[in-house]
Amino acid sequence: MSNEPIVTPSRVQQQWHDMELGMFFHFDIPIYKQGWNWRSWADLPAPDLYQPERLDTDQWLEAARAMGARYAVLVAKHCSGFLQWQSDLYPYGVRQSSWRNGKGDLVADFVASCRKYGVQPGLYASVSANGYLGVDNPGLVNRGKGGDDAQQRRYVNLCERMMEELWSRYGELFEVWFDGGAIPVERGGPDLIPILGKYQPNAIVFQGPPGTPNTIRWVGNERGVAPYPCWSTTNRGTAEAGTQEKVFAGMPDGRLWMPGECDVPIRNHEWFWKPGQENRIYPVSELVDMYYASVGRNCNLLLNANPGPDGLVPEADMARYAEFGREIRRRFATAVASTSGEGDVLELELAGVREIDHVVIMEDIRRGERILQYAVEGLKQDGTWKVLCEGECVGHKRIQALAAVTTPRIRLRCIRAKAKPCVRRLAAYLVT
Ligand code: IPT
């Protein structure tokens, strides 16, 4: 145990952890020009191609609800540079399309549906790439090479105004997403922290520029799998830190609360709709594995939806979200028994000799991630304890499947901790 103060999440980060599941929505003009690559830096899809004729964002939110997502993040501007709101900034967006006579605003529809469904809205608008403006990672003009200060300043100024539009028009946003992060101002990046502070002080920010409050981080892959252990604390986000696995795993003694979010497409490796890929939708068993490897490892799972050119989430995908949501509820709606408490050892009576095959542990993260190593043990008939599972990080939630065991009682034994463990919930389940 050390005398360092224990790092804790902000109030909004606590809310974010409790949500556990979010739905990502990838939709952009390139789905109307299959095969086009924004990095060709030519032949941009003409705005008129954008015709989501049956657009119904309520149907999108039905998908989120069926899965059990409590927040949703819409791609408002992806790498193409096409703006899916009524922007005044440049002539490439919904305003230039004949869809809804140039009056359509996908962001407005999306946020309204989120509010109607009680799902917290979030918006993705990356500043690291823009096909229309010739910008590429890490957010530099000249296709990522930079080298033109005046042009870079114009781009950065435009980004700031873009975010001002997006963050000021649609009410409170729960999450703001920077794909690939945003380079710091000193390196030619946009000055976004004051704009966030002005319009969205409470937003959770994925890969915000260094110094952004309420930041969350990437886990290093788009497969829905967090490393284990995966601490919420770290010293810097992945955006500027490169790709070392140890950064993705966080650091138990990190100074910043910056938990991991696992973003993953539902169609293997495809974020955007493509025709004839219903056979690539992950089966429920794989989605459940992802859930265990994300929510079950102290992260949130942001599962993607890819509405098609008609503006609807395809039926086959809809069915899968519902199936996935049902399976999670089936597994974890009812515990055999649960308890909470403080201290190095916490016992859980199972109300008789019961069969169990899963344990779920949650720390009271308002007091930090205190547990550094633990074992869960079951009482045997001879009165001794048998180790059922072990681990390091618990944090918001740890889910572990066990070989089925019959026992009257289990206990959580903390082997190492930063300070007295505070367990919000220790629960046992019989899932299979
Ligand atoms: C990748 C970015 O490099 C990373 O910073 C993060 O934003 C991630 O996307 C989110 O999925 S790029 C991707 C092609 C791996």
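In listed order, ligands and their atoms are each counted from 1. Fair warning: this is a prediction, and the values are worked out from it, not measured in the lab.
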Sub-3.5 Å N/O-N/O distance, Trp177 and ligand 1: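 In this structure, Trp177 places no N or O atom under 3.5 Å from an N or O of ligand 1.
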Backbone or side-chain N or O of Gly180 under 3.5 Å from ligand 1 N or O: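 Yes, Gly180 has an N/O under 3.5 Å of an N/O on ligand 1.
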Gap between atom CZ of Arg153 and atom CG of Leu158 - 0.5 Å precision: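 The distance works out to 14.5 Å.
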Within reach of ligand 1, part of Asp179 (heavy-atom separation under 4.0 Å):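 Near ligand 1, Asp179 shows its backbone as well as its side chain.
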Side chain, backbone, both or neither: the part of Phe24 lying under 4.0 Å from ligand 1 by heavy atom: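 For Phe24, no heavy atom sits under 4.0 Å from ligand 1.
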Numbered atoms of ligand 1 (with element) below 4.0 Å of Phe206, judged on heavy atoms: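 So the answer, numbered in order with elements, is 7 (O).
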Phe27 vs Ile31 side-chain heavy atoms within contact, under 4.5 Å: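 Yes, their side chains come closer than 4.5 Å.
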Option from Arg143, Lys145, Arg39 for which salt bridge (charged side-chain N to carboxylate O under 4.0 Å, His left out) with Asp136 holds: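 The residue from Arg143, Lys145, Arg39 that satisfies salt bridge (charged side-chain N to carboxylate O under 4.0 Å, His left out) with Asp136 turns out to be Arg39.
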Carboxylate-amine/guanidinium contact Arg267 Glu278, below 4.0 Å: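 Yes, Arg267 and Glu278 are salt-bridged.
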Greater than 12 external heavy atoms within 6.0 Å of Arg366's CZ: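 At most 12 heavy atoms, drawn from other residues, nucleotides or ligands, come within 6.0 Å of this atom.
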